[in-house]
Amino acid sequence: MSFHIAFLLLSVSLIVPSPSAQDEVADSVAVSDSALVVAAPPTSVIASEHEYDDGEALDLSWVPSIDDQLVGGLVIAYRVYRSTNGGELEMIEELIPGANQFTSGELSSDSSYSYVVAAVTTSGEFASNATAPLSPETEWLNYEKKWLFLIGLLIAGAVMYFIETARKGKKLFVRKIAGLEAIDDAVGRATEMGRSILFIPGIQDMDDVQTLAGLTILGRIAGTIAEYDTKLFMPVSRSLVMTAARETIKASFQTAGRPDKYSDDMVSYVTDEQFGYVAHVDGIMVREKPATVFLLGAFFAESLILAETGNSIGAIQIAGTARPAQLPFFIAACDFTLIGEELFAASAYLSNEPRALGSLKGQDVGKALAMIVIVIGVLAATIASAWQVESMQSIVDTLNSVFSTN
Amino acid sequence: MNARMKEILVVAVLTVFCAIMYWGKVDGWMTGFQFSFGLSMTVVILIAVSLLVILYLTLRGKLIGRRVVFLYVGISVTLPFFMSLSQEIKISPEVQTLYEGIAELPPGSVVLTAFDYDPPSAPELQPMAESFFRYCFNNDLKVVVIGLWPQGPQQANIAIEKILLDEAIAAKNLQYGIDYVNLGFQTGNEFVIQRMGSDFKSMFPTDYTGTPYNDLPLVRNIKNFSNIDYGFNLSAGYPGTVEWVQVAVDRYGLKMGAGNTAVQAPQCYPYIRSGQLVGILGGMNGAAEFELMTGTVGKGTKFMLSQSFAHMIVIAFIIIGNVAYFRGGRKQKL
Amino acid sequence: MEHFAIWVAAFLTMGIISFLYKDNAWYKLSEAIFVGISAGYWFVTLFWDNIYGKFWVGRGDDAMLYIGAFLGLLMLMRLVPKVGWISRWPLAFIVGATAGFYLINYFSSNVMRQVEDTIMPLLGTDYSATTYDMIGNIVIAVGTFSGLVYFFFSKEHKGVFGGTAKVGIFFLMITFGASFGYTVMSRMSLLIGRLDFLFGDWLGMIK
Amino acid sequence: MRREIPLLITGIVGVVFVIQYFIPHWPFNRMNAWFSDWFSIVQACAIWLGALNLIKISIQKIAKKKKDWIYSVVILVFFLLITILGFAEGEEFREPGTGFTWLYEFVYTPLSSTMFAILAFFVASASYRAFRARNLEATLLLAAAFFVMLGRVPIGDVISGFMPQGAQLSNLATWIMTFPQTAGQRAIMIGIALGIVSTSLRIILGIERSHLGGGD
């Protein structure tokens, strides 16, 4: 109870005006030597929970002082004061005239806070009543993201549903993807020519899904390589990728029944530096002249240097990346290119495992959903704006709010 | 003459060339070397004629190799350095909107600039950094620099040092810590941005010199993105503009513009359409346009001539390639 | 020293460029220097930044960092052949976290946001767009839709569906062509930067 | 067991990292930060494996006097040189004036810039070879590249100077970049994201697991 009384006192003292404000009043009067400018304080100051955060903020809103006018207004600023656990008021923010809300951050859910908003004139401050003490709360769920969650769940559910369907033995149709047909031929070609295969899993580390996708494809083709007994070499630019790539190849060789053919020397670390790595790989390419080059993973500017050098030595090149910026170069310089999504589909496709193929079906559900929403949304928006149809506009607004990520 | 002899000859010629040039540098007669207008035109015409000869050869069925293409690219980039020709520059809408976004900031606004590139991308991005800083300092905007690439903050320092030598800006007597701060580099890619969303200080406990965050008046009161009026990202890849948009713009609502290498820019165009980015400076052309908008002449403008020439050469070879294709050289592989 | 430094830089610059003619000793030398220097650079930098700067300095404030150090230690177990298999644990951890993080981030930024942005009126009276924008909007809607059709795996590209997929390929080709053309500029400017170094900084011919 | 535990770790960690996005509460709100810290520490440990591998391969090459073994000596010398400098110069190894910085500025930087810059030549040779009007698709690729390339430099507008304002090459380039290019990019981006969702799910569910090796 004493807590509240303390606040009452504090706010009263602020209204007529606060000690700190009083000093300023005295100062400004002394300096400007003008008449005292009195303004009404802001009213209805309300502190409320800042929604869906981790308990670090409170929202503050108020009705601006009636003397805060656009023309001839007396208020030159608003000051927000905060008291922590009933302690002293401290100014935390100064806002421009016309302001009516503020989010107070850097709070802790262990403390309670009370606020006072003061209208500032040339003569001093005129403070509102203090708000009731409030502690920010940590939420367990961010409801603003509920649509994201639901749609994500829908698509993830679809993927899992099809995986399960496929596992039960139902045959699912997946169309052919051009570049993938060529992979086995490319491995075979290297064998026939008695030359080697070069595999580049991009230049990113294991914390990029594209590297993972590249390695899973490596896992599939390493089996074929083991059977054909072709020479594989794989310089990499990340130590973790080196480790993972060795595990991948080893596992594939084991599955193919050729563990004896595996050697750690197939994978070697060069350097983390993008262009140092490229300089080395370029050199290896022209010296070793591999018959087949795989470029599957996350690529950056080096994509074209590698692909052009590979082209100049006459290698068959199969590339794939999800970096849109690099796709044009692969298209221009490689024999086959897996465009974006196809890179991720490739390992599922190559595995011929029903479950993996099922996941591609699930992906299509996502695409179908996107297409349907685009068609409905565009039609509704067009009708709404062309013929001013309210109901159509509300469809558009709903779709926008559902798909909005903010 | 066998191949080995040829190589030795090339090296010898190159050595002599370098020696003469270096003597020219030491002696001074080489500095600021320029072709006259007439000579420049002659050189242009000579290049054009030689391309026509190649076209003729192609029509006769003699295809040129990739080394000839390489040679032409080298020539077309080098010679314009010394030519006295000028060209007109036009402002594109994405540069216009970016400029307007900065121009509406009142003096004293805090601008966060993220330097996500390294020296190899400097030819494109450094001119942008320089003209951006020049604009900010001239208009009393406060600048906070960070980098998600290790060499980024160094690039920022190079640009700032250069800009501070400008007379108008030197006269302002800008103070480190008050008018601009370089918080340095932090590892963690998009996670850094994510954490900056709640607390800058936790990611940058000190600036690049080791001064504690709280001892820097400019940033002392900056908690997170809500205290930043404008974000500007100079990016050459990952992590870069895409990550800034995904995290800082989408999650924390930062208003943001970007300067990208020309290769990075197309990927960010969807973000302009959707309003996630205010505008983009794309490549050297973007840099030159921004220089024009802010009324300065920097390297971006200067190198545009080489740029134009190089483009013309590439286009000429595309035409020659197609001529070769339609003439029947379809089976030919370069 | 300054002179020497610029000569070294120029020597190495030309060594790399010489690769365009063919693989040669000058290039091999530059390449070997590059690999050695850059591997060492990252080796040292990662040690000071991550092991020292992140873990050693910060371990007092954030006990969670010990988990990272533990994972790193498990990774190093690879050096001991008998217990090398344990290094799969940190690898599994990283792969799992990456998969989870990418799943949700790409879903929200690329799927949700891009779909939202494609929802717009193609034409209309109260819409302030010009004809230019209208045509553009139609192009975007049609292009995005047909592009998605192209990526559809569950249906053979035949009939109307195949026709739409074909339109999708056209859009993809224009996209790639445009990106390529746009990139030429950037690549040329890099070369401009290097030649500016050779003719400006090294030979002093450009002011 | 050696195979199951890693799969279990991947699965659990994957799920946790998905749901953290929706939960602002501790400890989920710290997950991302922790992971980035942990990853960088693991990365810094793993590079020892890489570096030792590099040294091992170089020494093998030298010992067996393989072709070009002399360059392996160069690699070793420069690797050791910068490493020793970097450790000897202590925490301030990156300050101006250190040997490490000198090597970085005058050896590392020019090399990496030049390697990047030779792309200019490859862009030209790739355009010369690949942009040929073989069929409708290739022609569209060629045309888009052609117009954007021209429109991006001032000389494009000199060529199209006879056209009215707003219909010049630079406008065409901008139009291609803003509309058809955006549409194509968008389709690619949506596709990629769905591909990532499904690949991530396959990893989390343990369907993709080759990177975790066989069961030895």
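The structure presented is a predicted model; accordingly, all values stated were derived computationally and were not measured.
- Within residues 71-93 of chain D, no residue has any heavy atom under 4.5 Å from a heavy atom of chain A.
- Among the candidates D/Ile188, D/Leu201, D/Ile203, the residue making the largest number of heavy-atom pairs closer than 4.5 Å to chain A is D/Leu201.
- With a 4.5 Å cut-off on non-hydrogen atoms, D/Phe28 touches chain A through its side chain but not through its backbone.
- For A/Asp205, there are no salt bridge (Lys or Arg N to Asp or Glu O under 4.0 Å) partners at least two apart in sequence or on another chain.
- When the candidates A/Ala156, A/Ser359, A/Ala307 are compared by the number of heavy-atom contacts under 4.5 Å with chain D, A/Ser359 comes out ahead.
- Between D/Ser198 and D/Arg202, the side chains place a donor N or O and an acceptor N or O closer than 3.5 Å (distance only, hydrogens not considered).
- In terms of non-hydrogen atom pairs under 4.5 Å with chain D, the most contact-rich of A/Ile155, A/Leu215, A/Leu240 is A/Leu240.
- Annotation for A/Gln317 and A/Ala333: closest pair NE2-O, 3.4 Å, computed over non-hydrogen atoms.
- A donor-acceptor pair is defined here as one N or O able to donate and one able to accept, closer than 3.5 Å; such a pair exists between the side chain of A/Arg238 and the backbone of A/Ile203.
- Not one N or O on the side chain of A/Glu164 forms a donor-acceptor pair closer than 3.5 Å with the backbone of A/Tyr161.
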Practice task
Let me see the working for A/Glu247 and A/Lys250 under salt bridge (Lys or Arg N to Asp or Glu O under 4.0 Å), right down to the final yes or no.
Solution key: CA-CA 5 Å; A/Glu247 292 283 0; A/Lys250 204 186 203 172; 5.4 Å; no
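- Here the side chain of A/Ser347 pairs no donor or acceptor atom with the backbone of A/Ala213 at under 3.5 angstrom.
- When heavy atoms are compared at a cutoff of 4.5 Å, D/Ile196 approaches chain A by way of both its backbone and its side chain.
- Among A/Ser109, A/Ala356, A/Gly219, the residue making the largest number of heavy-atom pairs under 4.5 Å with chain D is A/Ala356.
- Comparing A/Leu304, A/Val159, A/Leu218, A/Val209 by how many heavy-atom pairs each has under 4.5 Å with chain D, the most go to A/Leu304.
- Heavy atoms closer than 4.5 Å to chain D are found in the side chain of A/Thr243, but not in its backbone.
- Side chain of A/Thr321 to main chain of A/Gly297: a donor-acceptor pair is present (N/O by atom type, distance under 3.5 Å, no hydrogens or angles).
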Expected list for residues 263-286 of chain A: side-chain donor-acceptor pairs under 3.5 angstrom, two or more places apart:
{"from": "A/Ser263", "atom 1": "OG", "to": "A/Asp265", "atom 2": "N", "distance (Å)": "2.9"}
{"from": "A/Asp264", "atom 1": "OD1", "to": "A/Tyr262", "atom 2": "OH", "distance (Å)": "2.6"}
{"from": "A/Tyr269", "atom 1": "OH", "to": "A/Asp272", "atom 2": "N", "distance (Å)": "3.2"}
{"from": "A/Tyr269", "atom 1": "OH", "to": "A/Asp272", "atom 2": "OD1", "distance (Å)": "2.7"}
{"from": "A/Thr271", "atom 1": "OG1", "to": "A/Glu273", "atom 2": "N", "distance (Å)": "3.1"}
{"from": "A/Thr271", "atom 1": "OG1", "to": "C/Ser38", "atom 2": "OG", "distance (Å)": "2.9"}
{"from": "A/Thr271", "atom 1": "OG1", "to": "C/Ala39", "atom 2": "N", "distance (Å)": "3.2"}
{"from": "A/Glu273", "atom 1": "OE1", "to": "D/Tyr108", "atom 2": "OH", "distance (Å)": "2.4"}
{"from": "A/Glu273", "atom 1": "OE2", "to": "A/Phe275", "atom 2": "N", "distance (Å)": "3.0"}
{"from": "A/Gln274", "atom 1": "NE2", "to": "A/Glu302", "atom 2": "OE1", "distance (Å)": "2.7"}
{"from": "A/Tyr277", "atom 1": "OH", "to": "A/Pro235", "atom 2": "O", "distance (Å)": "2.6"}
{"from": "A/His280", "atom 1": "ND1", "to": "C/Glu31", "atom 2": "OE2", "distance (Å)": "3.2"}
{"from": "A/Asp282", "atom 1": "OD1", "to": "A/Thr309", "atom 2": "OG1", "distance (Å)": "3.0"}
{"from": "A/Asp282", "atom 1": "OD2", "to": "A/Thr309", "atom 2": "OG1", "distance (Å)": "3.2"}

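- Proximity to chain A at a heavy-atom threshold of 4.5 Å picks out D/Phe39, D/Val42, D/Gln43, D/Ala46, D/Ile47, D/Leu49, D/Gly50, D/Ala51, D/Asn53 from residues 32-53 of chain D, in numerical order.
- When each of A/Ile163, A/Val241, A/Val236, A/Asp207 is scored by its heavy-atom pairs under 4.5 Å with chain D, the top score falls to A/Asp207.
- With values rounded to the nearest 0.5 angstrom, D/Trp69 atom CH2 is found 13.5 Å from D/Ile59 atom CD1.
- Heavy atoms from other residues, nucleotides or ligands lying under 6.0 Å from CZ of A/Phe233 number more than 12.
- At a 4.5 Å heavy-atom cutoff, D/Ile19 makes no contact with chain A through either its backbone or its side chain.
- A donor-acceptor pair under 3.5 Å links the side-chain atoms of A/Gln210 to the main chain of A/Ala322, judged by distance alone.
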Problem - Trace of the salt bridge (Lys or Arg N to Asp or Glu O under 4.0 Å) decision for A/Asp364 with A/Lys361 - result: CA-CA 5 Å; A/Asp364 278 354; A/Lys361 282 277 190 203; 5.8 Å; no
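- Highest contact tally toward chain D, considering only A/Gly362, A/Ala348, A/Gly340, is held by A/Ala348 [criterion: heavy-atom pairs under 4.5 Å].
- Contacts of D/Thr199 with chain A are made by side-chain atoms alone, with heavy-atom separations under 4.5 Å and no backbone atom involved.
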Exercise for the section: Could you walk me through whether A/Arg220 and D/Glu208 pass salt bridge (Lys or Arg N to Asp or Glu O under 4.0 Å), step by step? Expected result: CA-CA 11 Å; A/Arg220 309 286 182 230; D/Glu208 299 281 14; 2.8 Å; yes
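- Taking the centre and axis of the six-membered ring of D/Phe131, the NZ or CZ atom of D/Arg134 falls outside the cone set by 45° and 6.0 Å.
- Proximity to chain A (any heavy atom under 4.5 Å) is shown, for D/Lys67, by neither the backbone nor the side chain.
- The CD atom of D/Gln181 lies 4.5 Å from the CD atom of D/Gln185; values are rounded to the nearest 0.5 Å.
- At a 4.5 Å heavy-atom cutoff, D/Val18 makes no contact with chain A through either its backbone or its side chain.
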